[in-house]
Amino acid sequence: GALTSAMQVERQETLAFLADPAAPRDALYAARTETDTRSAEYAVAIAPIDVSVLDAGVGEYLQLSRKAREKLPTMPVRFDVTGTSLPTVVDAEYTAMIKLHVETARVIADVLPDRSLAKYIDAYGLVGEAREKVVRELPTAVQIISTGGSDARAVVNLAPSVAVTTALR
């Protein structure tokens, strides 16, 4: 939860910076610090996991997750002082890392023999997925509602996601 949330906030603050490079950057720098702190805490928490006793897929996800966390501090956008990075590329990079982190929890949960622990970790993954859906879809939904659905393309693009979410409930 904490790392996923921190990465989502950093993504949001980074995109806000790219939209207005002249705006104050305190929130952006605070978000980056929080992400780095949560990433370090996560690394410490999972360090004792003996992947040799787990499914090979879990080891692969943990390795990919580690590589993504190592890449985060060196992302080019973190050194972009002029705000020239492409927002779509930046958004995609953060989103891929967040998705990988959430999926890792789900993969671990699938192979744990302790089913009560597995349910807890699976719930962590579900919360991360739900939070990502809210962050990604809520602004679009609010826009659609506020305009009375006047943009038919936006309604059509959002509808399948809302339908699937509603059906899953």
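As a basis for the values below, the full set of heavy atoms in this structure was taken, side chains included, without hydrogen atoms, waters or symmetry mates.
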* Mind checking the CZ-CG spacing from Arg66 to Leu64? Nearest 0.5 Å is all I need. => 9.5 Å
* Structure fact -> To the nearest 0.5 Å, atom CG of Leu3 lies from atom OG1 of Thr35 at 7.0 Å
* Asked: In terms of side-chain geometry, is the basic nitrogen of Glu41 or Arg38 positioned less than 4.0 Å from the acidic oxygen of its partner?
  -> yes
* Structure fact -> Val44 and Pro48 have their tightest heavy-atom pair at O-CD, 3.4 Å
* Looking at CG of Leu72 and CD of Glu93, how far apart are the two atoms once the value is rounded to the nearest 0.5 Å? -> 9.5 Å
* Linked hydrophobic residues, Leu86 as query - side chain contacts closer than 4.5 Å -> Val89
* Asked: Taking Arg69 for the side chain and Ser65 for the main chain, is one N or O donor matched with an acceptor at less than 3.5 Å?
  -> yes
* Glu10 and Arg78 ion-paired at < 4.0 Å -> yes
* Heavy-atom closest pair, residues Gly83 and Pro21 -> CA-CG, 4.0 Å
* Arg153 atom CZ, neighbour heavy-atom count above 12 within 6.0 Å -> no
* Side chains of Val58 and Thr104 in contact at under 4.5 Å (non-hydrogen atoms) -> no
* **Hydrophobic cluster membership, Leu100 vs Val9, 4.5 Å side-chain cutoff** => no
* Structure fact -> The side-chain contact (heavy atoms from CB on, under 4.5 Å) partners of Glu129 (sequence neighbours excluded) come to Val102, Arg106, Leu126
* Structure fact -> Shortest non-hydrogen pair, Ala109 vs Ile121, comes out as CB-CG2, 4.0 Å
* Asked: Counting distance only, does the side-chain N/O of Asp80 pair as donor-acceptor with the main-chain N or O of Ser85 below 3.5 Å?
  -> yes
* With side chains defined as the heavy atoms from C-beta onward, is the minimum distance between Ser116 and Tyr120 less than 4.5 Å? -> no
* Asked: Does Leu112 offer a backbone N or O that forms a donor-acceptor pair with the side chain of Arg115 under 3.5 Å?
  -> yes
* To do: Might you work through the side chain to side chain donor-acceptor pair (under 3.5 Å) test for Gln8 and Arg11, ending with a clear yes or no?
  => CA-CA 5 Å; Gln8 288 167 331; Arg11 174 182 59 199; 5.7 Å; no
* Are Val127 and Met7 connected in a single hydrophobic cluster, I mean Ile/Leu/Val/Met/Phe/Trp/Tyr linked by side-chain heavy atoms less than 4.5 Å apart? -> no
* To do: For Tyr94 and Leu15, run side chain to side chain contact (heavy atoms under 4.5 Å, CB included): C-alpha distance rounded to whole Å, both residues' side-chain angles, the deciding distance at 0.1 Å, then the answer.
  => CA-CA 10 Å; Tyr94 278 101; Leu15 292 172; over 6 Å; no
* To do: In sequence, state the C-alpha distance, the side-chain angles, and the governing distance for Met75 and Met97, and then conclude on side chain to side chain contact (heavy atoms under 4.5 Å, CB included).
  => CA-CA 12 Å; Met75 286 175 58; Met97 283 189 274; 3.1 Å; yes
* Say whether, by atom type as modelled, one donor and one acceptor occur between the side chain of Ser5 and the main chain of Ala2 under 3.5 angstrom. => no
* Report yes if some heavy atom in the side chain of Val107 is under 4.5 Å from a heavy atom in the side chain of Glu60; otherwise report no. => no
* Structure fact -> Between the CG atom in Asp110 and the CG atom in Asp55, the distance rounded to the nearest 0.5 Å is 9.0 Å
* Any salt bridge between Glu13 and Arg32, counting N to O under 4.0 Å? -> no
